[in-house]
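Here is how names work: the chains are called A, B, and so on, in the same order as the sequence lines, proteins then strands, and each is numbered from 1. Keep in mind the model is a prediction, meaning the values are calculated, not measured. These numbers come from the heavy atoms of this one structure, side chains and all, not from hydrogens, waters or symmetry mates.
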There are 2 protein chains.
Amino acid sequence: MSGMSRRRITSKELAKLAGVSSATISRAFSPDSRIGSATRDRILAVAREHGYQPNAIARSLNNQRSRLVALVVNAIGNPCEAEEQQLLVHRLQARQLLPIILCCADHSDRLQLMRLASTYQVDHVVVFSDMVSMQDAVDIFHTTKPIIVSFEPLENENVSSIRIDGAEAADEIIDKIVRDGKKRFAYLSGTNSSWIDKLRRKWFADALAKRGLAFEVQAFGDYSYDSGFKEAVLLLHRDKVDAIICGNDVMAIGARDAARRVLGKNTPDDIAIVGQDGIAMAAWDCNDLTTLSLDHVAFIDAVVELIERHDAEIEGPHSITLTCTARWGSTA
Amino acid sequence: MSGMSRRRITSKELAKLAGVSSATISRAFSPDSRIGSATRDRILAVAREHGYQPNAIARSLNNQRSRLVALVVNAIGNPCEAEEQQLLVHRLQARQLLPIILCCADHSDRLQLMRLASTYQVDHVVVFSDMVSMQDAVDIFHTTKPIIVSFEPLENENVSSIRIDGAEAADEIIDKIVRDGKKRFAYLSGTNSSWIDKLRRKWFADALAKRGLAFEVQAFGDYSYDSGFKEAVLLLHRDKVDAIICGNDVMAIGARDAARRVLGKNTPDDIAIVGQDGIAMAAWDCNDLTTLSLDHVAFIDAVVELIERHDAEIEGPHSITLTCTARWGSTA
DNA sequence: ATGCATTGTGCACACGATTACACAAACGGT
DNA sequence: ACCGTTTGTGTAATCGTGTGCACAATGCAT
């Protein structure tokens, strides 16, 4: 690699240096194309010497294929999503696909952000965030056919979806808590507008209804530890509930801390607390949370599966269903 | 937005529809270019109707400017880095820059991954990971001038760097622990080969040396909770240490849990435990960690500042220094 | 020696935008 | 009425690759 030239060398310049045409340079970098192996070796040697690599932007323009994948997420800071994102990024990288992250939380104009990403001709879109509507995603990425993590089967044939079902596991958990003698249940949502949140809540509400119970209180947080802490103080003190089902694990940890610290109540005897997601942190010794857990590996396997179907250009709507399981800790 | 056409409409096609040339289309989308405002309005209307947006790949090829930024990180799952990444992503999005994430942990060939990203003509590179050498980053992104988060001043003029200094804060923390009567110190590294780890360790080693002490044991983990837990059991049981300085906050939480659960020892009376990074989770009530903390906002401000200097094409090497502070919890 | 299939290479165009240049129209000042 | 400036638009080249087509060279079978 000679020199620190600011400018990148082009295929035409390299062609001159190697005494061939620029078409031959291109062929040297395409695994199966008609080119003499001696020529290829010589070109690759010269290329290495001058630090040449084909320009992926130009290639994308020509190919109509960018190898970029947009990941639409709420945030990367929140561990509840980060584990899955991490897995997916690894799987993409192994396929030589590059992830572009779009963070929707705290961002004023999510639609504009998605439109911006769509101008980069991304090959795939994976929507994790519950803050964008399915219809918006379809409209903006109408050439890409997004993959959406939903919680209900989608009828829209311009979308592939992963459906997650936690009804059965929620029933198991509620069963245990009711048998433990708890009576006043609260649900602590992560957002007040998300369809994902509504469906998760429904799993638990149905399980309660089956036993002649219902949520006495409905509270709203923002998926953060602090909001879990703050809301739990109110729920326990003002509303006297003895069971809190939380929208994710991080809020559940906040709620548990509030119970213990502010009100001196312990789980699971005085109060039951349940999380959702099943992140690694929930199993830490200091947390030991009871949570409605999703198998992250299976989940990302499903996403990759859908991406591969898109690549193979199999037509028609696709949907994969996953089931949650109860993971028992000492909080319920 | 009429129709669900699979193919995206091009500037030339839109030109025909609007009765102008494709050059005029382009001008309609460039804020300051000579074009009649009536024409522009008409074009924008037709564009909206047909869902046209200029192709960013083609634009990048012409402009020599991709508006892509590569973020080289260890992982996005680990909260110790995620907070900063989150902040940076927001700042980039506000500038209409799109982040491409490169995860180095667990990835067999980091260099190949970086080379792949470099073919996309990224405008900027920010290296957070301590798993890639500075020289590799400079070689691969020689046209981009990377921004590197280092812990020492860099002499290389093809790099901008952010230097972080925690010597003083480490001294404060060691002072307190020594005055509390602790005698046998261990350092628990996050990796065994990282220059960042070596420098962090040096801050504490120097503070100990000043008081006639030294680390009795050196252990190695992998920045994870589990490794913190496992190593701490050994350190406490086999080596009988009474103070553990950890490479990051997550390992410190693991160590604290191990002390409490496996050996029945409590902080800070029986044993002192110190983290590093100062993540939000460290301040949670259930953790309440004493940690060597960095101001994340100031840190990302510095990164953005360097990016802007690059954009303004100011020449010469750039370096910004930040100082850590001690954040006191109940673990030391 | 002739015919045909195969291999290796160059030419030229396409991908979809931006932009320097040219030029016509409109406008204002004397 | 004439000239110089400003304004708006089209033409054509450019960014760096990939690839269909043409064509020469080679190998092989008759």
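No hydrogens or angles considered: a donor-acceptor pair under 3.5 Å links the side chains of B:D136 and B:S133. Of the N and O atoms on the side chains of B:D130 and B:Y223, at least one donor lies less than 3.5 Å from an acceptor on the other residue. Checked by atom type, the side-chain pair B:R8/A:Q121 shows a donor-acceptor distance below 3.5 Å. For the residue pair B:H310 / B:D123, no side-chain donor-acceptor distance below 3.5 Å is found, with atom types taken as modelled.
When DNA chain C is scanned in the 5' to 3' direction for atoms under 4.0 Å from non-hydrogen atoms of chain A, the outermost contacting nucleotides are C:dT7 to C:dG16.
Between the CZ atom of B:R40 and the P atom of D:dT7 there is a distance of 14 Å, rounded to whole Å. With rounding to whole Å, B:R42 atom CZ is found 12 Å from D:dG8 atom C1'. In this structure, A:F29 places its CZ atom 17 Å from C1' of D:dT19, rounding to the nearest Å.
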- Query: Which is it for A:T191 and A:D222 under the side chain to side chain contact (heavy atoms under 4.5 Å, CB included) test, yes or no, and what are the steps along the way?
  - Reply: CA-CA 6 Å; A:T191 68; A:D222 63 2; over 6 Å; no
- For B:F29 and B:L44, what are the C-alpha separation, side-chain angles and deciding distance, and is it a side chain to side chain contact (heavy atoms under 4.5 Å, CB included)? CA-CA 8 Å; B:F29 283 89; B:L44 291 183; 3.9 Å; yes
- Item | Evaluation steps, side chain to side chain contact (heavy atoms under 4.5 Å, CB included), between A:L88 and A:V303 | CA-CA 8 Å; A:L88 181 53; A:V303 172; 4.0 Å; yes
- For B:L322 and B:R163, what are the C-alpha separation, side-chain angles and deciding distance, and is it a side chain to side chain contact (heavy atoms under 4.5 Å, CB included)? CA-CA 6 Å; B:L322 300 175; B:R163 181 175 165 259; over 6 Å; no
- Message: One pair to check against salt bridge (Lys or Arg N to Asp or Glu O under 4.0 Å): A:D311 and A:R65. What are the steps and the verdict?
- Response: CA-CA 11 Å; A:D311 267 341; A:R65 198 131 188 293; 3.0 Å; yes
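Two residues are said to be in side-chain contact when any heavy atoms from C-beta on lie closer than 4.5 Å; B:N74 and B:M131 meet this criterion.
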Can you give me the N/O atom pairs linking the protein to nucleotides 12-17 of chain D at distances under 3.5 Å, or say none if there are none?
unit_1, atom_1, unit_2, atom_2, d
D:dT14, O2, B:N62, ND2, 3.3
D:dT17, OP1, A:Y52, OH, 3.1
D:dT17, OP1, A:N55, N, 3.2
D:dT17, OP2, A:S11, N, 2.4
D:dT17, O5', A:Y52, OH, 3.4
D:dT17, O2, A:N62, ND2, 2.8

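As judged by a 4.0 angstrom heavy-atom cut-off over every strand, B:S30 is placed among residues making no nucleic acid contact.
Put simply, B:S21 has no side-chain N or O that comes within less than 4.0 Å of OP1 or OP2 on D:dT11.
Axis angle across the helix from C:dA1-D:dT30 to C:dT30-D:dA1, with five pairs used at each end and values rounded to 10°: 40°.
Distance alone, capped at 3.5 Å, places no donor-acceptor pair between the A:R110 side chain and the A:C103 backbone.
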